*Asks:* 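Supplied in structure tokens, the structure appears directly below.
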Amino acid sequence: MIAAVLAFAIQGGFPHTPVGHTPKVEIVWNRLYDEPEIHAHFERLEKAFPDLLRHEEIGRSTENRTLRVYTLSDRSTGPDADKPAMWIDGNVHGNEVQGGEAVLYTAWYLLENRAEPKVKELLDGSVFLLMPMVNPDGRAHWFQMAHDSSSSRTGVMPLDDDGDGRLDEDPPNDLDGDGHITQMRKYVPGKGTHRQDPDDPRLLTPVPANDEGRRGDWIMVGEEGIDDDGDGRINEDEVGGYDMNRAWPSMWEPEHIQGGAGPYPLYWPETRAIARYMIEQKNIAALQSFHNAGGMILRGPGAEPFGEYERDDVRVFDEIGKTGEKMLPFYRYMVIWKDLYTVYGGFATWGYEGLGIISFTNELWNSEQLTGRARDPAAGPGSGGFPGGGRGDRIALDDKLMLGSGYIDWHPFEHPFYGAVEIGGFRKDTGRVPPSFMIEEMIARNALFSLEHARNMPVVRIDAPEVTDMGGGLKAIDVVFRNLHAIPTRTARAADKKIGAPDVFTCSGKGVTVVAGGFRTDRWRPERIELAERDPGRLLRERGIGSRGEVRVRWLVSGTGPVHVGWSGEKARDVQIEIP
Amino acid sequence: MRRALPFTLAAALCCVIPAARPAAAQADPVAVQRVELLDHAKLTDAMQSFAREHAEIATLVPVGTSRGGRRIDALRLARGSAAPGRPAILVVANIDGPLAWTSGLVLDHAQSLVARAATDPAVGTLLDTTTLYLVPRANPDAAEARFAAPLAEVTATGVDVDTDRDGRSGEDGPADLDGDGRIEWMRWEDPDGEWIEDPTEPRALLKADRSKGQIGRWRLAREARDADADEEVGEDPPHDAVVNRNFAAGWQEHAPEAGRFATEEPEARALADFVLLHKDIALVLTYGELDNLAEKPKAKDDRARRSILPNDGIPGDDAELLAEIGRRWKALGGTSTKSAAKDAGTFQAWVQAHRGLWTVNLSPWSIPLDAKKGDEKKSDEKPGDEKAADDKPIDRKPAGAKPADAKPAEEKPAEEKPAEEKRGEEKRGEEKRAEEKRGEGRKGDAKKGDDAPKPSDDAKRLIWIDAHPAPAGSSAWSAWSAWTAFRHPELGPVEIGGFQPYALVEPPESERAAIADRTLDLLIALCSMVPRATLVDVEAKDLGAGTWRIKASLENKSLLPLQSALGRRTGALRAARVHLEPGPGAKMIAGARETPVSEFPGSRFEIEWLLQAPSLTGTVVVLDTDSAGTVRVPVEVAR
């Protein structure tokens, strides 16, 4: 009995299963955290697991907030640079906050589970580069100031959105001081476009077209705000107004083609700091960038003119993406330009097109997860799983599951221009982020999907070589190098565009001369070799070792003594064996 | 001796063409050497002292710092107070590495303008109404190679890539093997070679054309070692990224010369930021490899949202205006070389296609391709004798770079002044054919009749070079060095020689003053062409019942409209805005609060409002542009 209890207690750490575990670091997962709190949580993890987690500052944001990359790795099993790395980030759009929690959860999960065999395998053999907040300013603004679920997407460098020569002079205004930017409506009896729902006064519906001149009593005035700059428009020049996920170098296009892109790539300090950092990390073999919302597992191309990705790479994307669909209910694996919309200069597309990394962007959360029902195709996008597809259903569900707390009921306000209006609508922390009780599920599933992605990073093994005596002192050494995992040691994109360094296959030995060597093209006919023109002891291969693939090499050597054959590449741990 | 024009004539001319120039030197009594070749230290010093000495006109404005830590500066020229605002022209030189001499060209502009400011009304008007930003050297790291030993042309100064994929970077750059102080060309016999001697001129090399039965015999490369023993010479130089390939328009991802991302190179970013910061810039004039004045740019009117990359063509309206500028340039005696260089990733493409600014690109000199053998040209040629040609400029990449290899069959006759253009062409063509038929004047030709191969562009350049030896006793060197045998440590017997560094891009000293005069004329002419928005005829008509109809016209009488078609397409430029400010007690009862205007046909655009007011006192029409600043015009009763 005691032994059983002890065995149970010894498991410690993370609760895969609900009974008998206590994590070393308790984090409440049914909340979303402001920028300083995310750092504070990471600091607690660093203190609890100092041998596995550390951070570096890679730059500063527009408002001088720290830009931090956390490295999670077990250096006792080898230096970081020798291992494949997975990059995971979130929150490039300031309002898409739950990516921060998703990255935090990924770190917490790995650390708390370090003794679990599958986690240990990941920690032994790979590195995680974690950046919870790409846009800390945007996040902080979203939390601390009045916003709606879609605003504060931008960074906070001032920008003249309306061309009047002034910067950020007409943002939305929190007229009723409730910390949310909602909507304004006005009662105009007999002269309106909308009518109130008889069962729920919160709801307005448009008056259907009719030939009797019937009109409604209400009109939707617009977003909560006033005309700060007196130019006849309301809320047309918010803080910032650009999109840092349109700033990346691959397929970058200027503003008139791609709104929000800025005057040249990597214009904003956050983006440039990250690009500079990532370019130097030659070992990144997997990439995930968390956004909200919609429930998607996205890959590029971002724009049709790119064409299609290399077929061998598409197979890898498909495998991981479809696995994701199984792990993330109601998420769809999609191609950005084809299934969503055109994006020039996106981050994950640069990850693949520019850096040759198998990269995904997950859009976290959709309301199908809330209703448990697939979206009615007849209802428009954004209707989630609501059966009628409409706002009314959303409010009704909010009434039941949030006791109405997600919706700010309409209340009167005297507007300086419009006169008597009512202000009301959904809170900023609804719609694109889940209700509290579904946060952990969202981030847990996505964290585990990231780990699934990471587990696919290449691992190279050398099969037992065959040595054949050719006579006259010449020996043939046949070696098979295998990549056990789905992600190739070099993607087809990297091989095509010569990104990074080719894989190197080596053969050497003291007292041994490598007379000739090359990659074998035929499993059964050893004389079919792509002979290297020079330096046969050091063969370069642009295509690396493919997805779960193998590369056969034959070396012809003379002399006596042990021979070392090995493989060296950027995206997997080097391997070497000795042949006596 | 200077002969001054009558004042009235000069005044009348100043709006149309620059005041007629004296034939000889400037008003400056001291004979100054013009268009000097200055290294970084001397150029910095010259700019700083210039700004100090002429502080009422000139200011030094920092642009940035090169990758190698050298400062990049602009000279801002403007006389009088900045308000009301004025449009600005940005002049950029030496963004292409080997064109260090053009820094002196721009500095000469500054010096000439200041020297003439007090006496030349055209120049005075220019300085009072236009701001000039002069950037003499946008690429100081590459330019400094002009003053280094051994002498080499340098194009790439940026990020290095492992071009030959051998795990080492930058291990095989150019080297001065024969110790003559210059990085020249090497050729050596190799059945794998791509080159043959030009049959009309054995010194020059052509790419072998198999379809004509030509078999390559020579390999050609920059003077270099095969340090990594891979049988390639100079194939992995220490720098790959080129500043003027590192801009965002048409940026060639994964091309080594383009760098790892657009504006990674600090020189490129600095220049881009300078353009963004100075919103008064209306036009950019760049002296470089690109030229859009030699002939009308290709027009492509594309309604699709997809951007027009500069190589595809520019909107027809813009092409027409550039053609007009080209005509005026030729009328000033200017010549242009149509460049074969691509503008992908260039500064010029970015300012034009992404920022929508008026963009004038000029290649100020190249070796003429129409010199005749046996001609002895004097050192001070008259302007206008240089001819344009449509050959490819030399590829400047150190790794495997080759001289221009124009196909003989596609040569076009050289261009002359517009008035004689067609006649000149025909005449020249006839002369050539006649010459060839007679077999005159061509040494080494064994041909007869119309099948005689035509000389390559390099052969033509050699004709000019032979006719223009370096003056005795000068520090200049010959543009061509004979192929001289040498034993290469890895390749064995080779020949070293060929076109000398900078020979193809630097004009003889004797020609530089004339080039400076003509290009300054162009700059002055451009100042009169840039759009200038003003408010005119701001007036009110009394409609009774305390109501007034107020009209104002936005006027631009310059050749160039407020925005180019590309400017309007990109939306990168802020539209001019006109609004009415009612005075005390006044109320606008009809009309737009603010009218943005980015284009209009003709030279005037009228806006009107209805005002209800007891009086017009204090009612103002306001024009707000990035170039004119804010202009307030009180409304007056119409007469």
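Heavy-atom basis, side chains included; hydrogens, waters and symmetry copies ignored. Letters go in sequence order (proteins before strands), and every chain restarts at 1. Everything quoted here is computed from the prediction, not taken from an experiment.
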*Asks:* When only pairs under 4.5 Å are counted, which of B:Thr570, B:Asp624, B:Thr625 shares the most heavy-atom pairs with chain A?
*Replies:*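 Sorted descending by pairs with chain A, the first entry is B:Thr570.
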
*Asks:* Measure across A:Tyr264 and B:Ala248 and return the closest heavy-atom pair with its distance rounded to 0.1 Å.
*Replies:*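 For A:Tyr264 versus B:Ala248, the nearest heavy atoms are CB-CB, 4.4 Å.
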
*Asks:* Ring-plane angle category for A:His256 and B:His354, please: parallel below 30°, perpendicular beyond 60°, tilted otherwise.
*Replies:*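 Ring orientation of A:His256 relative to B:His354: perpendicular.
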
*Asks:* For a quick test of reading the model, state the closest non-hydrogen atom pair linking B:Thr263 to A:Pro265 and the distance between them.
*Replies:*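 Result for this residue pair: OG1-O, 3.8 Å.
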
*Asks:* Could you measure the distance from the CG atom of A:Asp162 to the CD atom of B:Glu594? Nearest 0.5 Å is fine.
*Replies:*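 So the CG of A:Asp162 and the CD of B:Glu594 are separated by 8.0 Å.
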
*Asks:* With a 4.0 Å cut-off on N to O distance, would you call B:Glu232 and A:Arg534 a salt bridge?
*Replies:*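 Not counted as a salt bridge, because no side-chain N and carboxylate O are separated by less than 4.0 Å.
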
*Asks:* Taking CD in A:Glu304 as the centre, count heavy atoms belonging to other residues, nucleotides or ligands within less than 6.0 Å. Is the count above 12?
*Replies:*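 Open.
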
*Asks:* Using a cut-off of under 4.5 Å on heavy-atom pairs, state which of B:Lys279, B:His579, B:Arg260 scores highest against chain A.
*Replies:*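 Most pairs with chain A among the choices: B:Arg260.
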
*Asks:* To the nearest 0.5 Å, how far apart are CH2 in A:Trp248 and CZ in B:Phe261?
*Replies:*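 Reported to 0.5 Å precision, the distance equals 9.5 Å.
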
*Asks:* So B:Arg577 and A:Asp164, side-chain contact (heavy atoms from CB on, under 4.5 Å) or not? Walk me through it.
*Replies:* CA-CA 8 Å; B:Arg577 283 161 179 254; A:Asp164 66 355; 4.0 Å; yes

*Asks:* Can you see which heavy atom on B:Arg269 is nearest to which on A:Tyr267, and at what distance?
*Replies:*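 Smallest interatomic distance, heavy atoms only, reads NH2-O, 3.4 Å.
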
*Asks:* Locate the shortest heavy-atom distance separating B:His254 from A:Glu353; write the atom from each residue and the value.
*Replies:*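 Smallest heavy-atom distance, with atoms named: NE2-O, 2.9 Å.
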
*Asks:* Side chain, backbone, both or neither: which part of A:Asp496 has an atom under 4.5 Å from a heavy atom of chain B?
*Replies:*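 Contact with chain B involves no heavy atom of A:Asp496 at all.
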
*Asks:* Pick whichever of A:Ala303, A:Ala275, A:Gly354 has the most heavy-atom pairs under 4.5 Å with chain B.
*Replies:*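 Sorted descending by pairs with chain B, the first entry is A:Gly354.
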
*Asks:* Using a 4.5 angstrom heavy-atom cutoff, name the option from B:Arg165, B:Arg574, B:Glu253 with the most pairs to chain A.
*Replies:*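 Option with the top pair count is B:Arg165.
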
*Asks:* For the interface with chain A, which of B:Arg593, B:Glu264, B:Arg355 has the highest count of heavy-atom pairs at distances below 4.5 Å?
*Replies:*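 So the answer, after comparing B:Arg593, B:Glu264, B:Arg355, is B:Arg593.
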
*Asks:* Is chain B contacted by the side chain of A:Ile279, its backbone, both, or neither, given a heavy-atom distance below 4.5 Å?
*Replies:*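 Answer is side chain: those atoms of A:Ile279 sit under 4.5 Å from chain B.
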
